[in-house]
Amino acid sequence: MNATLHEKLLGWYRVHGRDLPWRRSKDPYAIWISEVMLQQTRVETVIPYYTRWMEQFPNIQTLARSTTDQILSLWEGLGYYRRAHNLRKAAHMIIEEFHATIPDQVADLERLPGVGIYTAAAIAALAFNLDVLALDGNLRRVIARLIDLEVDPRRRQGERCIYEWADKAMPVGQAGEFNQALMDLGATICTPRKPKCGLCPLMQDCLAYARGTQLERPIPRPGVRVPLYHVSAAVIQRADTVLIGRRPEGKLLGGLWEFPGGKQDPGESMEACMRREIQEELGVEVQVGVLLGIFPHAYTHFKVNVHAYRCLILSGEPQALDHDQLCWVALPDLEKYPMGKVDRLIANLLITDHNP
DNA sequence: GATACGTGGAA
DNA sequence: TTTCCAAGTAT
């Protein structure tokens, strides 16, 4: 009688919690990989990538021995490619500085590249059962509603309130289940839109529900405008091969391959943009040929329309002025080169045209 | 604190 | 079609 909040929550979790691949063991490595893949990424999207990763790199040692191309090929399409580079770097650090064992303290975990405050807490709680709150977007929303938080849970003041709530609400020694229960509640019941309050085990504990403010919590973040750019992309063929370049690591689509090109300047025609970008990136003059298509794409903070042209080199030999590497690739081999969404689309067009 | 960093699903 | 945003991190 009069069950506490955590008793109701954990009881609900044992019945309704999701059966997810990375929950089948408490292997810190498996939990680490899953948590990094899940950063800003949906569970359904992650599952096939996670399965393939664990087959190819089942432990720290196999990951440390991997190549950039291997991990990028596996990561292609998942987004936030820095995560893949960081996983490799972290594997090396774990072997050199932590005796090939994933550390079990939050402060040590946070030193690993790609592991921030959330992921460190998640590994500590889920793999090592430390009493810490793994505060992600789900928990921000769920707890903001439970305490009817009137300030932004993404800012420091709101965050403080959430951690204070957790200090009182989290049962000692059950942080792993407690965190995962809140995550599942946020993913299935206490959703961003249309929360299913009638099915919520914490309905009677929820201040927002009591006050009818569920839909106003958490308070919305101020909107940001995303600019639209126009970008050129060159399909330069020689015999049965096409020219692609590797983007520098650390920036957008770092380490991935692309068709050369770039952003249109204000007032510039798209064909002039194409010629200028090729001159700057490859050091050669090109004739801009037929337009293969215009490919719209939305990134986090801007949108693009990519105009893909066939181009013909008029003079000179392409050099890697603005790329890590250049490569002439036979069309059927294009699929072996990891690319972002738009370039993959263009590559698939070429492969299809070549193979009717 | 603000900004960069991908993609796809839902409304 | 547009908008929002989903298990965040690094700079």
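Numbers restart at 1 for each chain; the letters A, B, ... are given by sequence-line order, proteins then strands.
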Inset, instruction - Confirm from the modelled atom types if A:Thr41 and B:dG6 form a donor-acceptor pair under 3.5 Å, side chain to base only. - result: yes
Check every strand shown and say whether [X] touches a base, only sugar-phosphate, or nothing at a heavy-atom separation below 4.0 Å.
| X | value |
| --- | --- |
| A:Trp22 | base |
| A:Pro113 | sugar-phosphate |
| A:Ser34 | nothing |
| A:Thr45 | nothing |
| A:Leu139 | nothing |
| A:Val43 | base |

Inset, instruction - With DNA chain B as reference, determine whether A:Gly340 or A:His301 sits nearer its 5' end, using the nearest nucleotide of each. - result: A:His301
Inset, instruction - Would you kindly compare A:His297 and A:Arg154 by the position of their nearest DNA chain B nucleotide and give the one closer to the 5′ end? - result: A:Arg154
Legend entry - Listed nucleotide nearest any side-chain atom of A:Lys303, set C:dT3, B:dG9, B:dA2: C:dT3
Inset, instruction - Check whether the ring centres of A:Tyr299 and A:His297 lie less than 6.0 Å apart, and answer yes or no. - result: yes
Legend entry - Axial cation check for A:Trp328 ring with A:Arg238, 6.0 Å and 45° limits: yes
